[in-house]
Structure formats: C-alpha cells, structure tokens
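These notes are about the structure you will find just below.
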Amino acid sequence: MIQKYVYGNPIETGAVVQEVSKSEGSSVLLHLSETDEGLEFSCRMNENDVVYGLGEQVRGINKRGFSYISYAADDPVHTENKHSLYGGHNFLILYRQDGAEQTSFGVFVDDPGKVVFDVGETKRDLLKIRTGKDCVVYVIEGDSLKDLAKQFRALTGQSYIAPKWAFGYQQSRWGYLNKSDVKTVVENHRREGIPLEAVYLDIDYMENYKDFTVDPERFSDFPEFVGEMKEQGIHLVPIIDAGVKIERGYRVYEEGVREHYFCREENGENFVGAVWPGKVHFPDVLNTKARAWFGGKYRWLIEQGIDGFWNDMNEPAIFYSEKNLKKVLHEISSIQDDNLDLNEFFHMQEIVEGLCNHPQDYQSFYHDMDGVTVCHDKVHNLYGFYMTRAAAEAFEEIVPDQRILLFSRSSYIGMHRYGGIWTGDNESWWSHLLLSIHQMPSLNLCGILYTGSDLGGFGSDVTEDLLLRWMAFAVFTPLMRNHAAAGTRMQEAYQFDAVESFRNLVRIRYALLPYLYSEYMKAALSDEMYIRPVSFDYPKDRHTFLVEDQLMVGESIMIAPVYTQNAGGRYVYLPEEMMLVRLRSDRKRTYQVLAGGHHYIDVALDEVVFFVKKNRMLPFAVLGDDVKTTQDVSPDRLVWIGFTDDWAEYTLYDDDGISRRYTPKEEWKMIRLSKGEMEGVSADASIV
Ligand code: MIG
C-alpha cells in the first residue's frame with residue numbers, strides 16, 4: 001500500500017510513473033514538524049531496526065549511525081566522513097525486526113533539492129529527514145522487504161535494460177589518446193585471450209573537449225575506425241560531458257545560444273562555468289525543447305556506428321564560475337601587497353579551493369521548466385537524470401528498436417528507467433572495494449540495476465592483488481569495467497604478471513553470463529532486485545541483518561567476496577545449508593556442501609567462489625578455447641550447477657540481446673532437472 005502526501009507546491013520531477021491519489025494530512029509513521037528552512041519528518045528507531053537504501057552513498061548496507069545528504073556532489077574522495085556522492089536517491093526502508101507497535105515501511109522523498117537523512121547520527125534511536133518546503137512524500141507499507149522493494153519499483157517504473165554485450169568485460173582509461181592507443185588495448189586483450197567487449201573513449205577523443213566532436217587527427221576517419229573495431233567485436237563508448245564549450249563557430253554552442261537552450265542567470269544572461277573545455281554553458285535539460293535538442297546531438301555519433309555512451313560531469317560539476325573567479329581574483333589582488341598573517345593566508349587558500357562546485361554558483365542559475373523559472377539549487381539533483389533522459393528519449397526516436405548502452409555519473413530516483421550509473425571516482429583502496437560491495441544492493445533497491453564501480457579503482461596506483469580481488473567480485477556486477485585516471489599506474493589486466501589469473505576471472509564471467517543475464521532481465525522485467533542484502537532472502541534469520549559483506553545475486557546464489565589485502569580467505573555466514581562452488585577457472589570447478597552457520601573459507605587470489613541455495617540451480621556456459629566476446633557464448637552449450645537431493649527448477653531468460661522486444665513471460669523457459677542431470681553435490685552428501 002502506498003500513501004502519497006503533498007506539501008507546498010512541489011515540482012514535477014518525473015521520478016514516479018504510477019498514479020497514486022493524494023492522502024490528506026500526514027503519515028502516522030512519521031512525525032512532521034516545520035522549521036524555518038523546510039520540513040522535518042522523524043521517527044523513533046528500535047534497537048534492532050535496520051535501515052536500507054539511499055543508493056549511492058558512503059558506509060554500509062545498513063545505513064544506521066550516520067547522516068546522508070542528497071545533493072549531487074562531484075567529490076572524488078569517497079571517504080566515510082563524506083555525506084554526499086554523485087546521486088540523490090531518497091528512498092529508504094525502515095525494517096522492524098521486532099515490536100509490532102509499528103510496521104516496517106519504505107519512504108521516498110520526492111524533493112530534488114537538498115534532503116538530509118540523519119539515520120541516528122545525532123541521536124542513535126532517531127531517524128530525521130529534512131526536506132525543503134515543497135515536496136511529495138510516499139510512504140509504502142508491505143509484507144516483506146522484497147515486497148516493499150517491489151512496490152517502490154512499481155511506483156517508479158521499469159529499470160533500464162542494457163544490450164547484452166554490455167554484460168561483457170570492458171576496458172577504459174582516461175588517457176587513451178588516439179586510435180593506436182585503443183588498438184593496442186584490443187590487441188593485448190586478444191593476444192592474452194582475455195575476452196573484451198568494449199573500449200571507452202574518455203574526454204581525449206574530442207576536439208578540445210567539445211561535445212559531439214571527434215578530434216580529426218587523433219581519431220581520423222572515425223566511422224571507419226568504429227567499423228573496424230566492431231569487426232573485432234569491440235564497441236567504442238564515448239563520454240559526453242554536461243558543459244558545452246563557449247566557442248564561436250562551434251555549432252552546438254551557437255545553436256544553444258540562438259535558441260535559448262542554456263541555463264541562465266537571474267539577469268537573463270547565459271550562466272558561465274568552467275570545466276574541461278574551459279568556459280562552458282550548461283544545456284537546460286529540464287526544458288523539454290532544450291532536452292530534445294541536446295538528446296538529438298547524440299545522433300551524429302550513432303550515425304557513425306556508436307552504440308554506447310557514458311554521461312559525465314552532470315552534477316553538474318563546475319571547476320569555477322566566471323563570476324566567482326572574478327570575485328576571488330579581485331580579493332586576492334587586493335591583498336597582494338599585504339603582509340599576510342596565517343589567518344589571511346588560510347582564508348585565501350580556502351576561497352581558491354572553494355571555487356570548485358561552489359554552493360552559491362548552484363544558487364545563481366536558473367532553468368526554464370517549460371515556462372516556469374526554477375532556481376537550479378531547488379532541482380539540483382535532477383540535472384544528471386535529465387541529461388540522461390535527453391539521450392534515452394532521443395535514442396527511442398533514432399533507433400527505436402535497438403538498445404543503446406547508457407549510464408551516467410549523477411542521477412536521481414527515476415533515472416533508472418533511462419540508464420544505469422557507475423559509481424564515480426573511487427580510489428585503488430581495499431576500502432573502496434568494500435564500498436562497492438555496499439553500494440550494489442543499495443543502488444538495486446533504488447531501481448538502479450545496471451551499475452558497477454571502476455574496477456581496480458580510479459585514482460591512485462592499483463596493485464595486482466587488489467585488481468584480482470576486485471574483478472573476482474565484479475564478475476557478478478552488471479557493469480564490469482576496468483577504469484583508471486590519467487597519471488595512475490596502467491591497470492589493464494595484461495599489464496600484470498598474473499595475466500593468466502585475469503584471463504580465468506574474465507572467462508568465469510563469460511561462463512556465468514547465461515545466469516547473470518537471465519537474472520538481470522528477470523529482475524528488470526519483474527521490478528525486482530538483481531543484487532540484494534542477504535536478509536531479503538532470509539528475513540526470519542536475525543543473523544542475516546548483521547551481514548555487511550555478503551550479497552544475494554539473482555535467485556540461486558550468494559556471494560562473499562574477499563576485500564582484505566593478504567587475507568587468504570574469509571569468514572562467511574551461511575543462513576542455511578549451501579553448496580560452495582569453487583572456480584579455479586571456468587573448467588576447474590569443485591563443490592562442497594556446507595552446513596548453515598559460520599565458516600572460514602580459503603579463497604586463493606585467482607579463485608571465484610559462490611554459494612548455491614538449497615534446491616536451486618544455475619546455468620553455466622561451456623566455453624570454447626578462444627572466447628572473445630559475449631557472441632562466443634553459446635546458449636546451447638550449458639551445464640547446470642545445482643544443489644538438491646531430488647530436483648530443482650530454474651526459469652531461464654534469454655533473448656537476442658539487442659532489440660527491445662523482450663520475450664514475453666509465457667515464453668520464459670522453465671527448466672526442471674533431477675539431481676542426476678546437474679553438476680554439484682547432492683544435498684544428502686556428507687556435510688562439512
Ligand atoms: O574531472 O573525463 O568520473 O571517470 O575519467 C574528471 C575524465 C572528469 C570524471 C569521471 C572519470 C573520467 C574523468 N572525469
């Protein structure tokens with residue numbers, strides 16, 4: 001059951017697709033009070049209450065004990081003291097394990113401005129949500145965690161479906177400067193027998209960082225190059241940045257100015273910020289016409305054979321605004337001849353550093369939301385969503401029956417209908433591998449299924465062992481992309497001594513593809529979660545609510561990644577008897593039945609392990625020696641891995657992977673096998 005409460009005069013955000021009639025008053029589950037700045041919703045939390053959700057954020061799966069602020073931030077240092085990352089995902093579930101006085105519920109705050117979730121940071125037993133004066137609050141009640149998640153998804157719409165090739169292994173780096181760099185990456189993967197599906201083009205492919213241009217020298221004869229890559233099974237995925245370079249004669253800029261498609265200041269002049277291209281204007285993607293115009297620009301690249309994009313810098317990130325820079329430079333020049341004391345020195349340092357993503361800049365420009373002028377600050381979290389929506393809506397016109405890969409850095413609830421996200425500029429830190437493990441279920445709960453982190457870490461130098469562990473985890477995340485920042489250690493799999501281990505890890509991903517793709521598609525088409533906290537499947541087991549580093553992936557398996565350096569394995573909690581699957585490679589598989597409870601599992605650096613639930617099974621592809629892409633994974637050559645002492649069933653989903661005709665449910669293939677027909681250990685075998 002969903003209740004909708006409307007406060008003030010809220011902006012239509014497009015987050016919700018289901019009609020819900022308005023309820024009077026306020027929810028009895030949340031105590032409402034008004035402050036000078038806005039509204040405050042609060043609720044007491046019992047000792048054992050668990051809070052899930054909030055999407056892309058720092059800290060754990062259970063969000064208790066910290067404050068999270070939805071205000072999209074271009075902040076590349078994702079440490080646990082931060083309150084905001086790139087998204088605004090204002091949905092959480094408060095799950096009550098005991099105490100029948102109130103039920104569990106979900107709450108979605110539809111307010112695209114700043115929203116604060118104090119989940120027991122200030123007071124341990126108090127949840128406080130602070131919003132603006134104008135917002136819509138949806139309160140969802142239901143029978144179970146899965147049911148609450150599903151109702152929320154019905155409210156906000158079906159998750160984006162990527163082409164099947166985007167479930168293959170992908171390589172990226174900021175700093176592939178020309179065609180020859182890209183070719184080298186492809187050649188090395190092919191030479192080493194590491195499957196590869198896509199190479200990303202970061203900002204270096206453009207001419208002076210201008211959107212919808214390709215550098216004519218470094219990437220000459222671009223359509224031919226795209227075609228040549230495609231012949232080798234490689235998709236090129238260019239980046240699109242939010243800011244449009246101010247440059248006379250540059251078509252996108254000139255059209256935008258002429259048609260008034262850019263965000264404006266109060267005095268009507270186009271707002272000027274600076275990002276990679278230098279000074280830019282920001283397309284007003286919240287305006288229907290401007291959005292159609294900007295989205296239409298992607299056509300130029302699609303016509304050259306491009307079928308995937310990543311949208312960056314769309315918080316939007318602003319290195320500095322023209323206005324603020326003037327002010328700061330003026331202030332600095334005025335103290336030029338002074339004998340600065342330390343306070344003055346630190347002040348100077350602060351104002352220079354503060355130029356980046358300055359709150360005042362976000363308050364100083366405006367959108368024309370189809371006739372209504374709205375200050376950016378009030379709708380800040382919508383920008384990345386609407387930039388991505390611009391592209392997705394255009395794709396429907398340009399290639400109505402073809403799936404295009406699309407994901408964004410910034411996002412808001414509702415964007416999951418148009419594309420996925422990647423989790424931005426993490427670091428080559430072990431703690432960020434764990435952070436990624438935490439973020440996946442939280443994002444899935446918010447509808448964002450197509451997602452993953454920069455494997456190996458974006459900033460800093462990766463080490464071989466970290467990349468191995470990271471990839472062993474990412475075998476299970478829909479987006480499996482190795483990406484790194486310019487200036488860091490080269491981190492393609494073939495750069496390391498353990499190249500054979502990397503090959504095995506990627507091949508394991510391809511062997512699991514029939515399962516992973518099937519589970520992704522079923523989750524997307526049925527409004528379910530592809531990756532979940534363990535408690536979602538075992539809510540009666542109190543222990544599972546304490547598990548912060550194991551995840552359910554699809555309907556059949558649980559994973560327990562190793563994320564600690566020099567650990568030769570880890571402790572795992574099994575909520576029931578399960579079958580441990582150990583993959584040395586896609587061909588070396590061993591099985592072992594483990595009793596419910598705590599176990600220590602050895603996991604070598606080059607192994608993937610997972611656990612099959614009782615009476616479940618999964619398809620596993622038999623790969624040829626030379627698998628290059630997802631095209632080489634044959635749906636007809638499967639073995640079934642299962643754990644049962646009798647029989648098991650599995651609904652196998654498959655389709656052409658590229659059209660938007662998703663096989664109707666009646667045709668989903670139900671497969672029923674007895675234990676003799678599958679690989680594994682019978683559940684009545686001896687238990688360890
Ligand atoms: O200011 O395009 O998160 O993935 O490589 C940095 C360069 C801009 C940030 C993205 C990152 C990308 C980088 N971009």
Side-chain angles (χ1 to χ4, degrees), residues 56 72-78 82 84-87 170-178 181-182 185 198-215 218-219 236-245 273-280 282 308-321 353 355-358 361 383-384 387-388 405-411 419-429 432 435-436 439 443 451-462 470 474 477 479-492:
E56 187 180 29
D74 160 36
D75 182 344
V77 188
H78 309 166
K82 295 298 169 66
S84 306
L85 296 176
Y86 308 90
Q170 314 187 49
Q171 182 62 51
S172 182
R173 182 180 178 84
W174 179 7
Y176 295 150
L177 294 180
N178 48 42
D181 284 355
V182 173
V185 170
V199 178
Y200 282 66
L201 303 179
D202 207 320
I203 47 176
D204 316 290
Y205 80 90
M206 293 182 260
E207 195 188 337
N208 297 321
Y209 305 128
K210 284 182 287 190
D211 278 342
F212 313 113
T213 69
V214 172
D215 190 277
R218 290 178 294 107
F219 285 90
L236 295 180
V237 184
I239 198 169
I240 306 291
D241 276 9
V244 169
K245 185 175 176 63
V275 210
W276 291 109
K279 289 186 184 170
V280 300
F282 291 105
F309 298 90
W310 49 315
N311 285 345
D312 191 20
M313 306 298 274
N314 50 12
E315 293 68 34
I318 304 174
F319 293 163
Y320 64 83
S321 69
E353 276 170 10
L355 278 168
C356 242
N357 305 317
H358 198 287
D361 287 334
Y383 196 87
M387 177 183 175
T388 302
L405 172 61
L406 178 63
F407 58 90
S408 173
R409 195 168 71 175
S410 187
S411 58
I421 70 155
W422 90 102
T423 56
D425 300 348
N426 57 5
E427 294 272 338
S428 298
W429 297 341
H432 276 180
L435 178 62
S436 173
Q439 286 173 329
L443 284 164
T451 181
S453 57
D454 288 352
L455 308 190
F458 175 75
S460 310
D461 293 336
V462 76
W470 211 314
T477 63
L479 170 63
M480 188 189 190
R481 182 184 75 145
N482 179 328
H483 178 51
T488 60
R489 178 180 182 177
M490 298 304 281
Q491 87 182 28
E492 298 83 5

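In this text the structure is predicted, and so the values were computed from the model without any measurement. Whatever order the structure lists ligands and atoms in, that order sets their numbers, starting from 1. One-based numbering along the sequence shown.
- Within the 3.5 Å criterion, the main-chain N or O of G384 finds a donor-acceptor partner in the side chain of T388.
- Listed by chain and number, the residues in a side chain to side chain donor-acceptor pair (under 3.5 Å) with Q491 are N482 (sequence neighbours excluded).
- Residue R409 places at least one N or O, backbone or side chain, under 3.5 Å from an N or O of ligand 1.
- With distances taken over non-hydrogen atoms, the option nearest atom 1 (O) of ligand 1 out of Y200, Y209, W310, W276 is W276.
- Heavy-atom proximity to D312, at under 4.0 Å, picks out these atoms of ligand 1: 2 (O), 3 (O), 8 (C), 9 (C), 10 (C), 12 (C), 13 (C), 14 (N).
- Against a heavy-atom cut-off of under 4.0 Å, M313 is close to the following atoms of ligand 1: 1 (O), 8 (C).
- Scanning both residues, A317 and D74, for their nearest heavy atoms gives CB-OD2, 3.3 Å.
- No part of D241 comes within 4.0 Å of ligand 1, judged by heavy-atom distances.
- Formation of a donor-acceptor pair under 3.5 Å by the D211 side chain with backbone atoms of I240 is not found in this model.
- Taking every heavy atom of H483 and a limit of under 4.0 angstrom, the matching atoms of ligand 1 come to 4 (O), 5 (O), 11 (C), 12 (C).
- Those atoms of ligand 1 that come under 4.0 Å of a heavy atom in I239, given as number and element, are 2 (O).
- Using cut-offs of 30° and 60° for the angle between ring planes, the H78 and H432 rings count as tilted.
- Residue D454 places no N or O, backbone or side chain, under 3.5 Å from any N or O of ligand 1.
- For atom 2 (O) of ligand 1, the closest heavy atom belonging to the protein is D202 OD1, 2.5 Å.
- Checked by distance only, ligand 1 and W174 stay at 3.5 Å or farther apart across all their nitrogen or oxygen atoms.
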E207 vs F219, side-chain contact (heavy atoms from CB on, under 4.5 Å): CA-CA, chis, key distance, verdict
CA-CA 10 Å; E207 195 188 337; F219 285 90; over 6 Å; no
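- Ring pair W174/F458 is parallel by interplanar angle, where below 30° counts as parallel and above 60° as perpendicular.
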Trace of the side-chain contact (heavy atoms from CB on, under 4.5 Å) decision for R481 with D454:
CA-CA 6 Å; R481 182 184 75 145; D454 288 352; 3.0 Å; yes
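- The distance from ligand 1 to the heavy atoms of D425 drops below 4.0 Å at these ligand atoms: 3 (O), 4 (O), 9 (C), 10 (C), 11 (C).
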